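Presented below is the structure to which this report refers.
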Amino acid sequence: MWGVRVASRALFLPGNGAGSKFHWKPCICSSASKQIFRDELVTLIGDPSIHVHAGGLGDSLAARDMFGRMADQHGAPCVSTLYFHAKRGEDAQAFMHLSRLRRWGLKPNEVILSALVGICGRPNRIDHGMGLHCFILKQGFQDHHFIASSLVVMYSKCARVDSARRFFEERAVYDCISWNSMISAYLRNGMSKEAIDLFSDAVGRVSDRLALVNNFTLSSVLKACALSGSIRPGRSVHGLVVKLDFEWDVVLAGSLMTMYSKHGCLGRARLIFEKLGERDLVAWNAMISGYVQFSHDEEAMKLFQRMQLEGFLPNEITLTSVLKASAGLEDIDLGKCLHAYVTKRGHISDSFAGTALVDMYSKCSEIKDAEHAFMVVRGRSLVSFNALISGYCLMGDHERAMLAYINLLKQAMRPDPLTLTGLLCSCSSKALGEGSQAHCHAIKLGFDSDISLGILWSVFMPSVASQTADEFSTSAVIKVLADWAAAEQGKHLHTLVIKMGLESAVFVATGLVDMYCKCGMVEDSFKVFVSMSLRNDVAWNVMITGLGHNGRCTKSLELFHEMVDIGVTPNAVTFIGVLAACNHAGLVDEGRSYFDLMGSRFGISPSIEHYTCMVSLLARTGRFHEAELLMNACSSLPDPVMWRSFLASCRVRRSEERPSRASKERLLSAPDVCSSSYVLLSNLFAEEGLWPEVAEIRSSMRELGMSKEPGCSWIAVRNETHVFTAEQKSGFPDHMRATLFLVHSEMRAGG
DNA sequence: GTAGGGTTAG
């Protein structure tokens with residue numbers, strides 16, 4: 001065999017020493033035998049430049065690996081080879097080798113068996129794993145510590161927690177390591193409650209805790225506590241850490257920090273962090289991610305800087321966290337810097353960092369950059385796809401969201417509720433923002449609602465059948481139907497909601513309240529609202545706003561008082577609803593007092609929306625001067641929506657008093673004026689007979705290439721969408737024309 | 001053979 005006489009306990013492998021073809025590295029040899037080996041080698045190879053040094057354990061493994069290969073080449077199977085195949089995860093070769101060994105009548109020992117069991121920790125290898133388990137039982141190796149823990153880990157990695165537990169229970173003795181393996185088996189499969197129960201049961205029973213509990217145990221249990229709904233178990237494990245004198249352990253400090261920060265106790269986590277004598281990178285990462293998870297993005301960035309000042313090099317995990325922080329801050333410049341840094345450090349294809357980049361760019365509305373980051377990610381996960389789809393959802397790009405979804409299905413991935421939520425949100429016209437005009441446009445062209453709703457259902461219904469629809473994806477669908485005012489489909493969905501048992505989920509119920517209001521079915525909406533067992537502020541806001549929009553202003557204001565009386569604190573959105581209701585009913589004095597109440601009693605400073613409501617209310621009731629004062633008071637920047645609303649209100653009023661010319665001109669000085677501002681102004685001038693001004697406005701519109709988008713409204717009845725434009729006189733189906741006639745005459749009669 | 005830190009929505 002290679003002409004080398006191998007002394008007992010010594011093995012050789014070729015090294016890569018410079019200048020020597022035969023640089024051999026002997027291993028597992030004492031320094032006394034070192035000289036003998038050197039002499040032997042020099043004689044054998046005839047190279048006096050050979051370096052010989054005593055190797056450590058790593059070298060010994062490598063030497064055994066080499067020895068195995070040499071033996072293999074000479075036709076004799078070697079048990080060591082099996083070990084190395086297993087260690088390298090070369091499972092196919094390992095099992096081939098195992099059968100060869102058996103033909104030679106050789107048996108793997110405990111160490112090799114445990115390594116073999118280690119490579120069966122994949123669902124597709126479970127059969128081999130169970131075969132090994134049988135062999136282990138036959139050989140009576142089941143109580144061997146290495147083997148026992150490997151089997152527990154193997155079953156847990158194959159998602160067979162029950163098998164792991166059964167094996168664990170059947171063993172004659174408890175040992176600390178396999179007990180730890182069982183705890184982490186539960187954790188691996190998302191069963192943190194079982195992990196905690198197993199721990200506390202045994203700790204309660206065993207008198208000598210130290211025999212069973214080590215630092216590994218505690219850090220696993222702390223991880224389970226981090227995921228628990230209550231902080232209580234975490235606190236008592238912290239007590240145990242102190243009692244068993246493990247406070248010096250940096251890993252446990254990290255586990256404690258994570259446990260506290262996951263429960264929002266960032267101060268406690270920070271205390272542990274600051275008291276830590278020697279911090280490592282994981283500790284920094286834990287603290288930074290704790291802040292990021294609770295949106296303390298600035299604090300996270302401060303720590304990120306401090307860690308670098310203290311000489312720590314951020315890794316891909318650090319970068320993932322700070323990218324999330326930059327997304328939260330919507331700080332595109334910071335995000336781009338971090339992008340460059342991620343690239344420089346070679347983490348650009350990391351699935352987590354890459355996905356964080358996708359998310360950051362989508363949140364900063366840079367969808368092209370998000371797409372690019374997505375393309376570069378290696379091993380795109382479902383989360384990567386979800387981040388991209390959510391990005392498209394933010395942009396309202398339903399088509400691309402759909403393409404990404406199809407792509408995901410092609411990769412044989414299974415969409416989760418989050419995928420559906422993103423996809424379904426992308427159908428929503430609200431997601432279109434300014435582009436909601438595009439949505440109206442699509443409706444006017446007469447293609448779309450059916451197509452879009454068709455897509456919507458074809459995505460949603462399979463998830464209902466497979467029971468993967470949850471409250472979030474369902475509320476996303478409700479939101480879309482609300483935006484489309486699709487009444488029939490909405491009612492259908494309501495029955496589905498009841499069948500799925502989701503009617504008490506607060507997001508779903510609130511969505512239903514909103515949907516019925518938007519479809520004009522305010523009674524149905526109120527019924528859902530009343531049936532809600534749990535109402536948060538959003539639910540109240542939706543109902544108050546919805547009542548106002550449907551002309552039920554008194555009821556809306558009553559509800560506001562009820563909300564305050566039972567102790568739910570109104571917020572800025574509540575007051576938009578309240579003021580809108582006052583505006584709708586022309587209740588100018590009430591509006592004024594609610595506007596004042598908002599600041600004086602609830603400490604809410606009015607936003608542009610509140611001002612817009614008030615201005616509109618004042619103008620509609622002819623109090624132009626007051627309205628103009630308020631407009632000038634509210635902000636230095638002219639807001640086009642507010643000015644438009646003001647001037648439109650002036651038109652409604654048709655009073656003798658006219659808005660000042662300055663007000664009109666100010667409208668066009670606002671940033672991002674749109675065609676409707678021009679049209680409004682031209683109408684105002686026309687009513688006053690100021691024809692030169694009208695002509696001037698029309699010509700500047702032509703110069704700017706603006707054309708008037710007629711506003712429209714629609715309602716979906718019996719799967720058919722009916723579109724109306726302002727002042728439309730014809731094109732209605734007969735039954736609608738009759739109803740319209742009726743409504744019209746009633747309105748006349750009512751003045 | 002057993003530990004701690006990361007990404008997606010509402």
Side-chain angles (χ1 to χ4, degrees), chain A residues 110-111 113-115 117-118 121 144-154 156 175-185 187-188 214-224 226 246 249-259 261-262 269 280-290 292-293 314-324 327 347 350-360 362-363 373 377 380-391 393-394 416-425 470-476 479 505-508 510-511 538:
Chain A
E110 300 96 310
V111 177
L113 269 175
S114 103
V117 170
H144 189 286
H145 292 180
F146 280 30
I147 290 186
S149 49
S150 322
L151 271 172
V152 171
V153 171
M154 177 202 82
S156 78
D175 71 288
C176 178
I177 294 179
S178 52
W179 193 57
N180 289 347
S181 303
M182 192 60 231
I183 292 174
S184 59
L187 266 176
R188 189 172 285 124
N214 66 4
N215 40 351
F216 285 65
T217 328
L218 291 169
S219 74
S220 294
V221 174
L222 280 170
K223 187 170 185 180
F246 277 122
D249 189 319
V250 68
V251 174
L252 275 180
S255 310
L256 280 168
M257 281 162 57
T258 308
M259 186 276 293
S261 61
K262 288 257 149 89
D280 63 2
L281 184 57
V282 177
W284 283 98
N285 288 347
M287 199 61 243
I288 290 175
S289 84
V292 174
Q293 272 157 33
N315 67 358
E316 71 278 19
I317 295 179
T318 329
L319 291 168
T320 303
S321 287
V322 287
L323 272 170
K324 186 177 154 95
H347 301 309
D350 178 80
S351 166
F352 283 82
T355 304
L357 267 170
V358 171
D359 182 52
M360 183 274 293
S362 351
K363 286 198 176 126
V377 172
R380 281 163 219 147
S381 64
L382 182 61
V383 179
S384 324
F385 273 97
N386 286 351
L388 186 68
I389 291 174
S390 307
C393 157
L394 286 173
D416 69 355
L418 223 142
T419 323
L420 292 172
T421 308
L423 190 62
L424 297 171
C425 280
D470 68 356
E471 53 187 299
F472 303 123
S473 57
T474 306
S475 66
K479 189 164 159 276
V506 68
F507 274 105
V508 172
T510 308
V538 178

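Values in this document were obtained by computation on a predicted structure and should not be read as measured data.
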Side-chain donor/acceptor of [X] to base of [N], under 3.5 Å:
| X | N | answer |
| --- | --- | --- |
| A:Thr355 | B:dT7 | yes |
| A:Ser219 | B:dA3 | yes |
| A:Thr320 | B:dG6 | yes |
| A:Asn285 | B:dG4 | no |
| A:Asp350 | B:dG6 | yes |

4.5 Å side-chain heavy-atom contact, A:Leu319 and A:His347: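 The answer is yes, as the side chains (C-beta and beyond) meet within the 4.5 Å cut-off.
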Within the pair [X] and [N], is there a side-chain N or O less than 4.0 Å away from OP1 or OP2?
| X | N | result |
| --- | --- | --- |
| A:Ser289 | B:dG6 | yes |
| A:Lys262 | B:dG6 | yes |
| A:Lys324 | B:dG5 | no |

Integer-rounded Å distance: [N] [atom2] and [X] [atom1]:
| X | N | atom1 | atom2 | answer |
| --- | --- | --- | --- | --- |
| A:Trp284 | B:dG6 | CH2 | C1' | 18 Å |
| A:Leu252 | B:dA3 | CG | P | 13 Å |
| A:Phe146 | B:dG1 | CZ | C1' | 6 Å |
| A:Asn180 | B:dA3 | CG | P | 8 Å |
| A:Trp179 | B:dT2 | CH2 | C1' | 12 Å |

Sugar-phosphate, base or nothing in reach of [X], heavy atoms under 4.0 Å:
| X | result |
| --- | --- |
| A:Ile288 | nothing |
| A:Asp359 | sugar-phosphate |
| A:Asp416 | nothing |
| A:Thr217 | nothing |
| A:Glu316 | base |
| A:Arg188 | sugar-phosphate |
| A:Ser114 | nothing |
| A:Gln293 | sugar-phosphate |
| A:Val358 | nothing |
| A:Ser255 | sugar-phosphate |
| A:Asp470 | nothing |
| A:Ala353 | base |

Specify the closest pair of heavy atoms between A:Ala353 and A:Leu323, including all atoms of both residues, with the distance to one decimal. O-CD1, 3.6 Å
Applying side chain to side chain contact (heavy atoms under 4.5 Å, CB included) to A:Thr355 and not counting sequence neighbours gives A:Ser351, A:Val383, A:Ser384, A:Ala387
Can you name the side chain to side chain contact (heavy atoms under 4.5 Å, CB included) partners of A:Ser150, sequence neighbours left out? A:Ser114, A:Val117
Given [options], identify the nucleotide with an atom nearest to the side chain of [X].
| X | options | value |
| --- | --- | --- |
| A:Phe352 | B:dG4, B:dG6, B:dA3 | B:dG6 |
| A:Ser390 | B:dA3, B:dT8, B:dG5 | B:dT8 |
| A:Ala356 | B:dT7, B:dG5, B:dA3 | B:dT7 |
| A:Ala387 | B:dG5, B:dA3, B:dT8 | B:dT8 |
| A:Lys363 | B:dG1, B:dA9, B:dG5 | B:dA9 |
| A:Ile177 | B:dT2, B:dT8, B:dG5 | B:dT2 |

Could you walk me through whether A:Leu187 and A:Ser220 pass side-chain contact (heavy atoms from CB on, under 4.5 Å), step by step? CA-CA 8 Å; A:Leu187 266 176; A:Ser220 294; 4.2 Å; yes
Looking only at atom types and distance, does a side-chain atom of A:Thr510 sit under 3.5 Å from a main-chain N or O of A:Phe507, one as donor and one as acceptor? no
Going by side-chain contact (heavy atoms from CB on, under 4.5 Å), A:Asn386 matches just one of A:Thr419, A:Thr421, A:Leu420. Which one?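 Of all the options given, the one that passes is A:Thr419.
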